[in-house]
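Index from 1, following the sequence. Here the structure is a predicted model, which means the values were calculated and not measured.
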Amino acid sequence: MASFITAKEAAQRIEDRWTVGIDAFIGFCLADDILGEIEDRFVTTGHPRALSVLNVAGIGGDGKGRGINHFAHKGLMRRFLCSNLSLANKMYPLIMDNQVPTYMIPQGVLSHMMRSVASGMPGVITRVGMKTFVDPRVDGGMINDAARTIPEEDAYHVEVIEIKGEEFLFYPSVPLDACIIKGSYADEDGNISIEKEAIHIEQFEMAAATRNAGGKVFVQVDAVVPEGSIHPQKVAVPANMVDYVIVGKPENTGQHFIEEFQDPDTGLFKPLATWCGDERIHLEEMKPMEFGLSKIICRRGLFEIHKGDFINLGIGISMDVSAVLNEEGRIDEISSSVESGIVGGVPAPGIATGAAYNPAAILKQPDIFDFYDGGGIDFAALGAAEIDRFGNVNVSRFAGKVTGPGGFINISQGAKTVCFMGTFKAGLTGSDIRIEDGKLNIVKDGKYKKFVNKVDHITFSGENSLDQGKQKIFYITERAVFRLTRAGMELIEIAPGVDLQRDVLDQMEFTPIISDDLKRMDERLFRPDKMNIELK
């Protein structure tokens with residue numbers, strides 16, 4: 001069945017101008033040995049060169065040299081199709097300098113594309129992305145000028161199509177010459193399990209897509225076990241779909257690579273067993289979130305959650321909604337989820353985004369996006385870098401970076417209630433915003449306005465949301481709360497202690513509608529004690 005080779009030998013089998021799919025979710029399921037050897041080979045020999053690279057989720061790894069950062073060399077890629085570049089710090093300069101033509105499309109669409117390639121379908125038809133930057137009537141997913149001038153044979157064209165009088169977006173399939181995925185164990189035949197992985201993304205779908213396109217499947221694993229020793233229900237990718245198996249180095253195997261998981265006795269990196277479901281921890285022992293502006297914002301979001309809601313929490317401030325729910329003793333009254341496929345538990349923070357403590361279920365990423373796209377999310381809390389007068393939100397291109405949308409577009413378009421969360425202004429270093437006696441005292445404000453006339457990049461379309469007419473949209477900050485209405489952005493709450501004109505209106509590039517029933521934000525938000533809130 002499969003051949004067992006080294007990572008260096010795997011890199012030598014990748015040919016110039018191949019289209020290569022790389023699977024991972026930031027630092028999880030990351031076949032970093034193979035990626036590192038591809039980089040070493042290119043630096044040494046100039047090959048493989050002119051690759052067309054596709055990755056579904058962000059695979060920035062550690063923000064330094066891991067993940068897609070290995071490919072940050074001029075000439076290695078001729079095209080890059082991805083959804084997110086979180087922690088891909090080395091890639092930003094190449095993309096912004098137009099050294100790599102780059103397209104970004106929604107994470108869920110790329111995940112589903114693996115199915116379309118595997119099944120021989122021409123592409124993905126969906127409403128996801130309508131009137132955002134991926135819509136061809138806006139930018140068509142083109143992130144830099146190089147994507148606009150790329151040779152036609154390498155260009156990627158999203159199309160608007162009409163079915164029974166309704167508009168959809170069509171994302172063409174991208175056949176793969178090779179894919180690089182990660183598993184836990186391989187048996188001696190090449191059957192692959194992912195039982196020790198914190199998340200189960202699209203290992204099977206990407207392998208099936210590659211095999212049915214006539215490509216080669218490379219799998220990095222933690223260890224090889226005897227033939228027949230993997231229970232058939234734990235086989236995620238059968239041996240007939242695997243060409244090459246590579247055993248990773250200890251520092252590049254297990255669930256993740258960050259140092260807090262290092263075994264002090266052996267020096268080896270061990271998986272955190274609660275993330276893959278082998279163990280459970282007592283959630284009440286988790287430290288409460290530090291009291292400050294971010295906690296105020298997360299607390300306010302709880303007022304829009306109903307008991308029994310199925311929720312999704314984005315990266316950044318919004319992720320800590322789960323910590324506040326846990327502190328308030330309400331975490332068991334909702335079901336949380338992460339677009340990586342995790343359901344239940346408390347999402348892990350920071351570089352460990354994608355996993356969860358005490359997950360109730362670990363689904364495959366394309367499966368969870370099916371549920372998301374169909375409207376399965378009751379409540380979503382997401383970040384916001386810029387917000388404009390039309391209710392549009394930008395999280396994908398700002399401050400000289402092209403972070404991309406990840407699953408943001410799928411989630412924000414599919415959820416019934418969406419709370420975009422963030423501080424009212426950016427550049428808070430050197431600011432002086434005090435929380436005193438249940439009030440907010442803005443002595444020195446942040447430098448940059450986030451409420452602007454027009455966002456630089458449309459990652460969420462207020463117009464599309466209003467056209468669909470199925471969502472409740474809120475914009476929550478530490479000093480003001482807005483909602484999206486057909487008449488425009490409406491200010492519905494301000495924090496106790498702030499001056500409406502000086503601290504809110506004068507700090508915006510546009511004037512919102514002021515609610516006739518303008519309220520003060522709940523004073524409990526601004527006190528360090530538990531709120532003792534009850535979900536609706």
Side-chain angles (χ1 to χ4, degrees), residues 7 10-11 13-26 29-43 46-61 65-107 109-111 113-114 117 141-144 146-147 150-151 153-156 171-182 201-203 205-207 209-210 213 215-218 220 402-406:
R13 284 166 168 78
I14 304 294
E15 299 184 13
D16 293 354
R17 298 194 64 81
W18 269 12
T19 297
V20 180
I22 304 172
D23 210 25
F25 192 104
I26 306 181
C29 302
L30 181 60
D32 212 54
D33 279 334
I34 303 173
L35 303 184
E37 290 291 350
I38 292 173
E39 178 183 28
D40 288 348
R41 182 187 170 207
F42 179 80
V43 170
H47 301 281
R49 63 183 300 102
L51 299 178
S52 176
V53 175
L54 180 153
N55 65 256
V56 174
I59 54 173
R66 294 179 184 266
I68 201 64
N69 291 297
H70 287 297
F71 284 29
H73 297 277
K74 184 179 178 180
L76 199 157
M77 288 194 283
R78 74 177 190 277
R79 184 182 71 176
F80 190 22
L81 184 64
C82 62
S83 72
N84 183 267
L85 286 174
S86 294
L87 300 176
N89 297 349
K90 287 188 175 182
M91 286 298 304
Y92 294 139
L94 268 71
I95 293 171
M96 300 308 290
D97 291 343
N98 291 298
Q99 300 299 319
V100 180
T102 301
Y103 298 82
M104 286 186 171
I105 61 177
Q107 185 172 326
V109 173
L110 280 169
S111 185
M113 187 186 294
M114 297 302 97
V117 177
M142 294 179 282
I143 288 296
N144 56 8
I150 192 172
E153 63 268 22
D154 291 326
Y156 186 81
Y171 298 84
S173 292
V174 178
L176 301 175
D177 297 303
C179 74
I180 299 170
I181 62 178
K182 164 87 169 49
I201 36 183
E202 47 280 309
Q203 289 97 333
E205 285 79 4
M206 187 171 280
T210 305
K216 301 296 184 181
V217 177
F218 297 81
Q220 180 176 319
V402 283
T403 55

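Every side-chain hydrogen bond (donor to acceptor under 3.5 Å, both in side chains) that Glu39 has, sequence neighbours left out, goes to His70, His73. Taking Asp97 as the reference, nothing meets the salt bridge (charged side-chain N to carboxylate O under 4.0 Å, His left out) condition, with sequence neighbours excluded. With sequence neighbours left out, Asp33 forms a salt bridge (charged side-chain N to carboxylate O under 4.0 Å, His left out) with no residue at all. Taking Arg41 as the reference, nothing meets the salt bridge (charged side-chain N to carboxylate O under 4.0 Å, His left out) condition, with sequence neighbours excluded. For the ring-ring contact (aromatic ring centres under 6.0 Å, His included) test, residues two or more places apart in sequence or in another chain that qualify with Phe218 are Tyr244. Residues forming a salt bridge (charged side-chain N to carboxylate O under 4.0 Å, His left out) with Arg13 (at least two apart in sequence, or on another chain): none. Annotation: side-chain hydrogen bond (donor to acceptor under 3.5 Å, both in side chains) contacts of Gln220 (sequence neighbours excluded): none. Checked against side-chain hydrogen bond (donor to acceptor under 3.5 Å, both in side chains), Ser83 has no partners two or more places apart in sequence or in another chain.
Residue Leu76 holds its CG atom at 8.0 Å from CD1 of Ile38, rounded to the nearest 0.5 Å. The CZ atom of Arg17 lies 10.0 Å from the CZ atom of Arg49; values are rounded to the nearest 0.5 Å. A distance of 4.0 Å separates CD1 of Ile68 from CD1 of Ile22, quoted to the nearest 0.5 Å. Expressed to the nearest 0.5 Å, how far CE of Met91 lies from CG of Asn69 amounts to 8.0 Å.
The side-chain heavy atoms of Phe42 and Leu51, taken from C-beta on, include no pair separated by under 4.5 Å. Within the 4.5 Å cutoff, the side chain of Leu35 has heavy atoms near those of the Leu30 side chain. With contacts defined as side-chain heavy-atom distances shorter than 4.5 Å, the pair Pro405/Met104 qualifies. Considering only heavy atoms from C-beta on, Leu94 stays 4.5 Å or farther from Met77 through its side chain. In this structure, Asn144 and Val402 have side chains that are not in contact, with every pair of non-hydrogen atoms separated by 4.5 Å or more. In this structure the side chain of Ser52 never reaches within 4.5 angstrom of the side chain of Leu81, judged on heavy atoms. Looking at Ile201 and Val56, their side chains never come closer than 4.5 Å, going by heavy atoms from C-beta outward. Within the 4.5 Å cutoff, the side chain of Leu85 has heavy atoms near those of the Ile95 side chain.
Legend: side-chain hydrogen bond (donor to acceptor under 3.5 Å, both in side chains) pairs involving residues 85-95, not counting sequence neighbours, sorted by first then second residue: Asn84-Ser86. For the salt bridge (Lys or Arg N to Asp or Glu O under 4.0 Å) condition, the pairs that include at least one residue of residues 76-87, sequence neighbours left out, are Arg78-Asp154. Judged as a salt bridge (Lys or Arg N to Asp or Glu O under 4.0 Å), the pairs with a partner in residues 66-77 (not counting sequence neighbours) are, in order, Asp32-Arg66, Asp62-Arg66.
Looking at Thr210, its side chain does come within 3.5 Å of a backbone N or O of Met206 through a donor-acceptor pair.
Closest of all the heavy-atom pairs between Asn55 and Leu110 is O-CD1, 3.5 Å. Minimum interatomic distance between Ile59 and Ala24 (heavy atoms only, all atoms of both residues): CG2-CB, 2.9 Å.
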I would like to know whether Ile105 and Met113 meet side chain to side chain contact (heavy atoms under 4.5 Å, CB included); could you show each step before the answer? CA-CA 11 Å; Ile105 61 177; Met113 187 186 294; 4.0 Å; yes

Name every donor-acceptor pair, under 3.5 Å, that has one atom in a side chain of residues 172-182 and the other anywhere in the protein, sequence neighbours excluded.
unit_1	atom_1	unit_2	atom_2	d
Ser173	OG	Ser116	OG	2.8
Ser173	OG	Met121	O	3.0
Ser173	OG	Pro122	O	3.3
Ser173	OG	Gly123	N	3.2
Asp177	OD2	Thr19	N	2.7
Lys182	NZ	Glu197	OE2	3.0
Lys182	NZ	Asp222	OD1	2.9
Lys182	NZ	Gly254	O	3.4

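A side-chain contact (heavy atoms from CB on, under 4.5 Å) with Tyr103 is found for one member of Ile150, Ile143, Leu54 and no other, namely Ile150.
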